[in-house]
Amino acid sequence: MPSALVNEDGPEGRMSKGVLASNALLLIFAGHETTVNLIAHSVLTLLRHPGALEKLRCRPELIVPGVEELLRFESSVQFWQTRSAVEDIDIAGTTIPEGAPIFLVYGSANRDPQRFTDPGELDLERRDNQHLGFSQGIHFCFGAPLARLEVQVAVAEFVRRVQNPRLVQDPPPYRHNQIFRGPRHVLVDIDGIRDRPVCA
């Protein structure tokens, strides 16, 4: 991606060095921070829901829909402030004027009871799980396929190999950040590592 940015002649010509550096930092930070937070939230959430952890251990084919549910359940990004109304919008009798900033609150949208049945419940088999974990439309995260794969592999291996994992501290300490949400660390006690999964 950085190579393509450096060498691409866009409609306005090549990017300046400053713009290239800003985009490179964004790619590194946004791509790493959000994925780390999602892995930490996934482990934390599964350890808080031992039934879901056991279900995933016994039914590893649920890792793909399971990660989608974990994305919905614990959003790594809380809000993003780069939207603006392209025209006047009327919502419940209030007009948001054209050009006004719009803050999309992902955590709230992903728990919306008008959109999701039992939004406060973790359901690894949730149907029609159109969450906003990676945003939507033209703002959709282009790193989403890689992030999904990384989280699927990390969580699947954790579930498959770690014996009797237990949270040491709940809740764990969280980073102080208004946009990105994630624990500083998730301390886990284990009994060992297994070569093959054991399903109860």
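FYI, side chains are in, hydrogens and waters are out, and symmetry mates aren't considered; it's all heavy atoms of this structure.
In this structure, H185 has its ring center no closer than 6.0 Å to that of Y174.
Counting only residues at least two apart or in different chains, salt bridge (Lys or Arg N to Asp or Glu O under 4.0 Å) contacts with residues 127-140 comprise R115-D128. Pairs of residues two or more places apart, or lying in two chains, never qualify as salt bridge (Lys or Arg N to Asp or Glu O under 4.0 Å) while including a residue from residues 91-109.
Between the side chain of N177 and the backbone N or O of F180 there is at least one donor-acceptor pair closer than 3.5 Å. Not one N or O on the side chain of E74 forms a donor-acceptor pair closer than 3.5 Å with the backbone of L71. Within the 3.5 Å criterion, the main-chain N or O of G192 finds no donor-acceptor partner in the side chain of R194.
A search for side chain to side chain donor-acceptor pair (under 3.5 Å) contacts involving E12 returns nothing, not counting sequence neighbours.
Residues S135 and R83 bring a donor and an acceptor atom of their side chains to less than 3.5 Å of each other. Under 3.5 Å, the side chains of D88 and T95 contain no donor-acceptor pair of N or O atoms.
With F116 as the aromatic partner, R72 meets the cation-pi criteria of under 6.0 angstrom to the ring centre and within 45 degrees of the ring axis. Stacking of R126 on the aromatic ring of F73 is not recorded, the 6.0 Å distance cut-off and the 45° axial limit not both being met.
Using a 4.5 Å heavy-atom cutoff, the side chains of P183 and H41 are in contact. The side-chain heavy atoms of M15 and S22, taken from C-beta on, include no pair separated by under 4.5 Å. For the pair I102 and I89, the minimum side-chain heavy-atom distance is below 4.5 Å.
Heavy atoms from other residues, nucleotides or ligands lying under 6.0 Å from CD of E61 number more than 12.
For the side-chain contact (heavy atoms from CB on, under 4.5 Å) test with L53, the passing option among V162, L46, L124 is L46; the others fail. The side chain to side chain donor-acceptor pair (under 3.5 Å) with H131 is formed by just one residue from the set R111, E69, E68; it is E68.
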Salt bridge (charged side-chain N to carboxylate O under 4.0 Å, His left out) assessment of R181 paired with E33: CA-CA 9 Å; R181 180 173 176 269; E33 182 78 13; over 6 Å; no

